[in-house]
Amino acid sequence: MKKEIRICGFGGQGVILAGFIIGKAASVYMDYNAVQSQSYGPEARGGAARSEIVISDKKIGYPRPTSVDLLVAMSQEAFDTYRDDIRDDTVIIIDPDLVKKHSIGRPLYKIHAQQIAEELGNKIVTNIVMVGAATSIFGFLKPDAVRNAVMDSVPSRFKELNLKAFEKGLEAGKNAKPGL
Amino acid sequence: MGEIKTAGELNKKYLREGMWPTIFCNGCGNGVVLEYTFWALEELGLDMDKVAFASGIGCSSRLPGYINADGLHTTHGRAIAFATGLKAANPDLTVIIFTGDGDCAGIGGNHFIHAARRNIDMTVIMINNFIYGMTGGQLAPTTPIGGIATTAPYGNIEHPFDLCVVAKALGASYVARWTVSHPYQPIKSIKEGIQKKGFSYIEFLAPCPTAYGRRNKLGDIQRLWEWYDKNTILIEDYERIMKYGDEKEKERAKKMIQIGVFQDVEKPEFFTEYQKLVERLQGNTITKTSSVKSKKMVVKK
Amino acid sequence: MILINEDWCKGCQICITRCPVDALEESDKLNRRGVRPPKLKENNRCNFCRLCELLCPDLAITVIPDEETKEKPKKTLRPPIVSVRSIGRNIK
Amino acid sequence: MKYKRDPKRIREVLGDKIQFILGDMACVYGGLLAGCSFFAGYPITPASEVAEGMARLLPRVGGTYIQMEDEIGSLAAVIGASWGGAKAMTATSGPGFSLMMENYGYAVMTETPCVIVNVQRTGPSTGQPTLGAQGDMMQVRWGTHGDFEAIALAPSTVQECMDLTIEAFNLAEKYRNPVCVMTDGEIGHLRERIVIPDEKELKIINRVPATIDKEKFIPFSNSQIQKNSKVPDFPTFGTGYHTYVTGLTHNIYGFPATDKQKDHQELVLRITTKITDDREKLTMVEKLYIDDAKIAVVTYGATARPAETAVEMARRKGIKVGMLRLKLVWPFPIKEIQNLASQVDKIVVPEMNLGQIVHPIREYSEGQCEVVNVPKVGGEMHLPHEIFKYLEGK
C-alpha cells in the first residue's frame, strides 16, 4: 500500500502546513510510515508552492511522489505547474474560485474552500478547510487522526476556528460530487 | 594589593615557568603590557584558576603562552569569538583577550564589533603597534597616513582605523587607550576593565622598533618611546583645547592621538540577560510543542 | 636596591633613559645576549619610584626599597603632555 | 550558568515520544539528548532550522544559544565553549562549511570535541541554496590544510538525523575530535516520524576530565591516558590545570614547538592514529541483500533512499543486487569495500555530486570489480529508475 499526495497553491496559503497535518495524521495517529517534503525557496512566497506526502505501510525509500494519488490545488499557477504526473484515477480537488481554468476534460472535485473560510471569519483557514475536504473525499485518512493532527499544529488561540474549518471542510467533502 | 610587592615575586607568580624570556624583539611593548596586566591582576587579587586568556595570531597573541593560567591561542582574528563560547560555557571565568591591531582591527574586526555590540563580559587588551609585526612589517589597518610598511613602500595612503571610536559607538561598557610609556593609568584601566561587567576595550600604543620604527625613522628605541609622549594627548586636555584653545593649539591637538578613558558606563551584559531569559523560560510551565497527551490516540488501520 | 635578571635583559635601555632621577647606567659586563644590562650608578638619587621596574619590557628589573631609607617610595605620575597653564591663554 | 544535563527537563521540552518533524529539527533533538549545552550558528539555507530549533529549545533546558556574526565565529565559539566544559555544536551548509575550515583544523589540532551538522547543498560558491546535494563529502575529509582524519556520519532518514547526532557527540567526546553530521537539504527539509529513545536506551559518552595531580599532568600526551581511553584527559578551563592550547605545532606540554620535526610528527601521528586505529570499530554500515549480490550499490545519506527503491525494483525482477549503506563515511570503511569488491562484479555509486565518495571506493576496491559513478547534480535526488538502469545488464 502506498499513497502519494500533492498539495499546491500560492506561497503563504498554508500548503506546507496542510501537508504536515496529513503527514502527521498518517504517521503519528495512523501508524503508517509517512514522509512530507516541500518546494522551498525564492518562489515560496508569491509563486507556486507545493507540499508532498508519501504514505506507506512499508519503509519509504524515495521520498517524493512518482505518481500522484491525490492532487489538491489552491491556485491556478500551481494547478498548471504541478499536474503533469497525474493518472486517470488520480483524485483532484480544487477551489474553483482560485483555479478558474480547470476544464481538463476529466471530472474533479470542487470545494469553495476560501469562501467557506471567509464565512467562518478568516480566510487564513482555507488550507484547513481543504484538509477536511480532502479527508472525506480521498477516504484513506481517518477523520479523527487528521483532527488530532490539526489540533496539534495550530496555536491554541486559533484551535476553535481551525476545528470549525476542518469540520466544515469534512462536510463539504462528503457532499461533493466530481464534475467537469 | 596582596602580599606581592616586587616585580620578581610577581613574575614568579604569574609567569609560566621556563617560558621567559620572550620571543619579542628588543624594545617591544608587548612585555610592558603583560607586566601592567600582572599588576592589575595582583591588585584585584583574582584566583588565577578562574582567569582564562585568549588570543589570536600575531606577536601580542603569544602573551597567553607566558602566563601561568589557562590560555587559548587561536586562529587569526578569532580570539573574541572563541572567548564568547568560553564565557558562555563558564560565566564564572574572567576572560581576558590579548590581541593586536592587525588581529583585532583587520581580520577580526567583525568579531570585535559584534562582541562589543552584544556587550559580552570580557576584557580585550589590544596592543597597537601600527604594523603587522610577526609577519615582518606589512601595512596594518592602523598604520598612520604616510607610514612606511613593506606593503606600503611609498607611504600609506589609507585612513587608519580608530577602534576606540568604534567601540564607543557600539556602546561597549569600557573603552580606554593608553601608551605603554606610562604605567599607572593603564594599570588602573586594566583593573577597571576587568571589574566591569560588560565589554571592555583597552588599547595600548606600543612600540615595534623592528618592523615599524626602523622603517619610519624611529628605529632608535628611545626616540620611538618619546614619539608616544609627543604625539598623544589626554582626552581631557584635548577637549579643553577644543573649547578654549587658539587655532594653533587646536591644529596641533587635532594631529595628536587621543588617550584616556573614552567610555565607562553600566549597560546590560549579554550572558546576564541570557541567564534572565533562561530563568524566565524555566520558571514558566513549559508550553508543549506537541499535542496534549490525554487527547492523543492512535486510530487503528 | 635594584635586582637585575641579567639574562632577561635585551638592552633596550628604556630603564636608563626613562629614570626620572638619572640613577641608572650601563654596566660593564656583557650578558648571554651580548648586551650590557643596567646598574645603579655609584652615586644615585634612586627614590624607589619603581618606574624602571614597571617599564622594563622584559620584566628583568625588581626594585626593593632599602630598609634604612627614610624617604617614602614615590609614585611617578604621568607628566602633562600639554601644559595646562598654556591652555586658553588667548581667550578674549 | 553551569549546565547540568537534566533528562526530565529535556523530555519535557522535546514533548511527545513519537513526532512528525523535520530532519533539521531531529538534529536539534539529537543534540539536546546528547547533552549539548551550547550552540553557536549563523543563518544559512537549508540549515537555519537547526539554529531556529536550538534558539527555541536550548534556553529551556538551561543551555546557551548565540547567533554569531558569521560561520567562522560560530565554530570558534563552539570550540571555546568546549574548552569551557560544554558539549557544543553548530550547524551550517556548504558556503558556511567552507568558512569553518580553518577552525575545523584548529579543533583537530587542539583535540577539541565538538559537533558540526552540515546540511549539505551544492556549489561552487552560493550554488543552489534551497536544494539538497552532497557537496561537501570531500571537503569534510580534505578541506582543512595539513594532515588529519575526519569523522563524518551521513543520515538517510529523519530518525537517523537524531540518532547520528547523538552518536556524533559520543564520538567527538571519545576521540576528542570534531565530528560532522553530513546530512543534506533533502533529508534536512524532509518530515518523517521519529521515536525519541527513552533515557535508559540512550548511550551517552562524556569526555574524561583531567583529575591527575596538576603539577604532573601532561595535557597532550598518551603517556598518562586511562585504560580504555584513546585520548588524553581533558583539562577543562577553570579547573586549575593552566593549560595552554594552541593551533601551532606543540609539544606534549602544549607549548609551541613549531620548528621541531619530531614534535610535529609525533603530534600529527597521535591525532590521526587515534582514529585510524579504530577504523573497523568505527565502521557503521547497513547491508541489504548483500549475501548473494553480484551487483552492489554503495551509497550514503539521501541517495540511499532512491537507491533502496531501485534495489527493491531489481530484486523483484530477480536481479541479484545488494546495497551497502555507509552510515559513517569517514574514516573510510576500507575493509567493507575490499570485501564487497572481491564478491561482486560491479559497484554502483549514486551521488548527488559529480562523484566524490566514488573515488575512495574505486581506490579500495583495488580493481577487483567495476566501479560505476552515477552522478546527479542540480538539486534533485536520483529517481529510482535512474539508478535502476545501472543494475540491469550484467
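Computation of the quantities below employed the complete heavy-atom set of this structure, encompassing side-chain atoms and omitting hydrogens, waters and symmetry-equivalent molecules. Naming convention: chains lettered A, B, ... in sequence-line order (proteins, then strands); numbering from 1 in each chain.
- Here the straight-line distance linking atom CD1 of Ile80(B) with atom CE of Met68(D) works out to 9.5 Å at 0.5 Å rounding.
- Separation of atoms CZ (Phe82(B)) and OG1 (Thr110(D)) is listed at 7.5 Å; rounding is to 0.5 Å.
- With chain B as the partner, the residue from Ile66(D), Val61(D), Leu75(D), Val78(D) showing the most heavy-atom pairs under 4.5 Å is Ile66(D).
- Shortest non-hydrogen contact noted between Gly85(D) and Ala89(B) is N-CB, 4.4 Å.
- Nearest heavy-atom pair across Leu281(B) and Pro59(D) is CD1-CB, 3.6 Å.
- For the set Gly71(B), Ala54(B), Ser55(B), the count of heavy-atom pairs under 4.5 angstrom toward chain D peaks at Gly71(B).
- When the candidates Ser37(D), Gly73(D), Gly254(D) are compared by the number of heavy-atom contacts under 4.5 Å with chain B, Gly73(D) comes out ahead.
- Here the two rings, on Tyr274(B) and Tyr65(D), have centers that are 6.0 Å apart or farther.
- Here the closest non-hydrogen pair linking Gly62(D) and Gln282(B) is N-NE2, 3.1 Å.
- When heavy atoms are compared at a cutoff of 4.5 Å, Ala83(B) does not approach chain D at all.
- The distance from atom CZ of Arg78(B) to atom CG of Asn103(D), rounded to the nearest 0.5 Å, is 7.0 Å.
- Shown here is Phe255(D), whose CZ atom has more than 12 heavy atoms of other residues, nucleotides or ligands within 6.0 Å.
- Residues Ser61(B) and Tyr244(D) approach most closely at O-OH, 4.3 Å, considering heavy atoms.
- Expressed to the nearest 0.5 Å, how far CG of Leu277(B) lies from CG of Leu58(D) amounts to 11.0 Å.
- In the displayed structure, Lys12(B) atom NZ is contacted under 6.0 Å by at most 12 heavy atoms of other residues, nucleotides or ligands.
- Contacts of Phe38(D) with chain B are made by side-chain atoms alone, with heavy-atom separations under 4.5 Å and no backbone atom involved.
- Interface residue Thr243(D): backbone and side-chain heavy atoms are both found under 4.5 Å from chain B.
- A donor and an acceptor atom, one from each side chain of Asp70(B) and His242(D), are nowhere located under 3.5 Å apart.
- Considering CD of Glu102(D) and OG1 of Thr74(B), their distance stands at 8.5 Å, rounded to 0.5 Å.
- Here the closest non-hydrogen pair linking Gly84(D) and Asn90(B) is O-CB, 4.1 Å.
- Of the residues considered (Pro64(B), Gly65(B), Gly85(B)), Gly85(B) shows the highest number of contacts with chain D, using heavy-atom pairs under 4.5 Å.
- The NE2 atom of His73(B) sits 8.0 Å away from atom OH of Tyr106(D), with the distance rounded to the nearest 0.5 Å.
- Surrounding NZ of Lys197(B) are more than 12 heavy atoms belonging to other residues, nucleotides or ligands, all under 6.0 Å away.
- When each of Ile67(B), Thr84(B), Leu72(B) is scored by its heavy-atom pairs under 4.5 Å with chain D, the top score falls to Leu72(B).
- Heavy-atom neighbours of chain D within the stretch residues 110-121 of chain B, taken at a separation under 4.5 angstrom, comprise Asn110(B), His111(B), His114(B), Arg118(B), Ile120(B).
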